[in-house]
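To keep things clear, I will list the structure first and then write my remarks on it.
What you see is a predicted model, and the numbers here were worked out from it, not measured in a lab.
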Amino acid sequence: MSSMQLRQRKGGEQNTKNYNTLSVATEEDTNPSSRTNNASSSASSPLIAKESKTGTCTPMQSWLDSIFLRICSLLPISGPELTNEELCVLSPFGEHASRSFDHDTPEHALALKELWAVWNPSNPDIDEVVREEWTNYGFQNSDPASDFRAAGILGLHNLLFFANTFPDQFHAFSKERPTGYPFAIAGLNVTMTLLAMLHITDQKTCFSTTQDDKGYIAKKARKMLVGLLLQGVGGHDQVTDVRTMERNFHYVYCSGFALLDKNWTAMKAGPMQFNEVLKVTRKNLEEVITRCKTIDQLTTMVGLQ
């Protein structure tokens, strides 16, 4: 992977696939409507303009920051770029994050069984992982591997980290809802959204995640996101640094999932509005990340702490 580019390498490389797009709703459902605009407005800043427990961000400051970002996005101002040093340090994580899921890899199979055990503590041991019950948790069919084709093993690790670190929120989000909340698919799309923000993958979620990547807010969010991932990195071997970056990525993922869940509820969405929820969530996530210098600030701002 080039030090100047973190996009996933194409063609013929080991552990790399031509991933397909995860999708719940059709492309036509992404077209704006009056209902979408109203829902998007009501589900935006109120979810993130809350006072931090650490006192780092008041509602007024959040509002002013949001106005500043919007002004910058309308002006011909180029956002901050990553330095060569940042790209070089982040590059090994890009390789790590691009690994595909493989049933035949013992580590991957074990992780999938661990996820099953999270939802089924009374029946944690299973020999056959292809089971119809996976659809109860938001997967599209009986074999979760088909849904991991885009997010890869990182998507599975994200779900497991969320379950182990924030168990109350995980089970609250994943409980069955009358509106047909696609929990697992939602989580995998959060993974893909973050990877797209980092330019680690060319793949898209249910909507075009790269359409605004050259704007000021997107560039500022990418710069700040890399800063969050690099917390605690340096002075160690490459394996340790990659593990640190992955752990930081997990926390950002959980924060993004919390925003998505709030938006789903605020917009009173169903499966056909899933794309709309993802669009609003990406916007929210970019704005939140631009105002957070630490992982603790981020998780607090979205209500995980």
Item to check | Side chain Thr300, main chain Gln297, donor-acceptor under 3.5 Å | outcome: no

Item to check | Closest non-hydrogen atom pair between Gly155 and Thr191, with its separation | outcome: CA-OG1, 3.8 Å

Next on the checklist: Please check if the number of heavy atoms outside Arg131 that lie under 6.0 Å from its CZ is greater than 12.
Outcome noted: yes

Checklist entry - Side chains of Pro144 and Leu112: closer than 4.5 Å at any heavy-atom pair? => result yes

Item to check | Closest non-hydrogen atom pair between Cys292 and Met224, with its separation | outcome: O-CE, 3.4 Å

Item to check | For Pro92 against Val242, the heavy-atom pair lying closest together | outcome: CB-CG2, 3.7 Å

Item to check | Minimum side-chain heavy-atom gap Asn120-Ile126 below 4.5 Å | outcome: no

Item to check | Backbone of Val129 reached by a side-chain donor or acceptor of Trp134 within 3.5 Å | outcome: yes

Next on the checklist: Between Gln273 and Met267, does the side chain to side chain contact (heavy atoms under 4.5 Å, CB included) criterion hold? Intermediate values first, please.
Outcome noted: CA-CA 9 Å; Gln273 287 77 48; Met267 297 170 68; 5.8 Å; no

Checklist entry - Do Leu110 and Glu107 have side chains that get closer than 4.5 Å, going by heavy atoms? => result no

Next on the checklist: I want to check something: taking the side chain as every heavy atom from C-beta on, are Leu298 and Tyr251 in contact at a cut-off of under 4.5 Å?
Outcome noted: no

Checklist entry - Got a second to check how far Leu188's CG is from Arg149's CZ, nearest 0.5 Å? => result 10.0 Å

Checklist entry - Would you find more than 12 non-hydrogen atoms of other residues, nucleotides or ligands less than 6.0 Å from Asp237 atom CG? => result yes

Checklist entry - How are the rings of Phe249 and Phe93 set to each other: parallel, tilted or perpendicular (split at 30° and 60°)? => result tilted

Item to check | Candidate pair Val252 and Asn248, rule side chain to side chain contact (heavy atoms under 4.5 Å, CB included), full reasoning | outcome: CA-CA 6 Å; Val252 179; Asn248 291 339; 5.6 Å; no

Checklist entry - Under the 3.5 angstrom rule, does the side chain of Trp116 hit a backbone N or O of Asn123 as a donor-acceptor pair? => result yes

Checklist entry - Side chain of Arg247, backbone of Thr244: donor and acceptor closer than 3.5 Å? => result no

Checklist entry - Side-chain contact, heavy-atom cut-off 4.5 Å: Thr83 with Lys223? => result yes

Checklist outcome for this item: Asp147 and Gln140 have their tightest heavy-atom pair at OD1-NE2, 2.7 Å

Checklist entry - Rounded to the nearest 0.5 Å, what separation is found between the OG1 atom of Thr294 and the CE atom of Met301? => result 9.5 Å

Checklist entry - So, does Thr165 use its side chain to make a donor-acceptor pair with the main chain of Phe162 at under 3.5 Å? => result no

Item to check | Rounded distance (nearest 0.5 Å) linking atom NZ of Lys113 with atom CG of Asp125 | outcome: 8.5 Å

Checklist entry - Parallel under 30°, tilted from 30 to 60°, perpendicular over 60°: which one fits the rings of Phe257 and Phe183? => result parallel

Checklist entry - Between Phe161 and Phe170, does the ring centre distance come in under 6.0 Å? => result no

Checklist entry - When you look at CD of Gln238, are more than 12 heavy atoms from neighbouring residues, nucleotides or ligands closer to it than 6.0 Å? => result no

Checklist entry - Does a donor on one side chain and an acceptor on the other come within less than 3.5 Å for Asp143 and Ser146? => result no

Item to check | Over all atoms of both residues, closest heavy-atom pair of Ile295 and Leu228 | outcome: N-CD2, 3.9 Å

Checklist entry - Are side-chain heavy atoms of Thr281 and Thr193 found at a separation under 4.5 Å? => result no

Item to check | Side-chain donor or acceptor of Asn158 paired with backbone N/O of Gly187 under 3.5 Å | outcome: no

Checklist entry - Do you know which two heavy atoms are closest between Met197 and Arg222, and how far apart they sit? => result O-CG, 3.2 Å

Checklist entry - Are Lys283 and Ile217 side-chain neighbours, meaning at least one heavy-atom pair lies under 4.5 Å? => result no

Item to check | Euclidean distance, Glu287 CD relative to Leu259 CG, rounded to 0.5 Å | outcome: 10.5 Å

Checklist outcome for this item: Distance col, row Ile153:CD1 vs Ser98:OG, nearest 0.5 angstrom, shows 13.0 Å

Checklist entry - Rounded to the nearest 0.5 Å, how far does CG of Asp168 lie from CG of Leu304? => result 11.0 Å

Checklist entry - With distance as the sole test, does Gln231 use its side chain to make a donor-acceptor pair with the main-chain N or O of Lys293 at under 3.5 Å? => result yes

Checklist entry - Is any side-chain heavy atom of Phe148 closer than 4.5 Å to a side-chain heavy atom of His108? => result no

Next on the checklist: Working note: Trp119 + Asn136, criterion side chain to side chain contact (heavy atoms under 4.5 Å, CB included); need CA distance, chi angles, decisive distance, verdict.
Outcome noted: CA-CA 10 Å; Trp119 279 309; Asn136 297 333; over 6 Å; no

Next on the checklist: Checking the side chain of Thr265 only, and the main-chain atoms of Asp261 only, is there a donor and an acceptor separated by less than 3.5 Å?
Outcome noted: yes

Next on the checklist: Applying side chain to side chain contact (heavy atoms under 4.5 Å, CB included) to Val118 and His171, what does each step give before you reach the verdict?
Outcome noted: CA-CA 9 Å; Val118 168; His171 288 290; 3.9 Å; yes

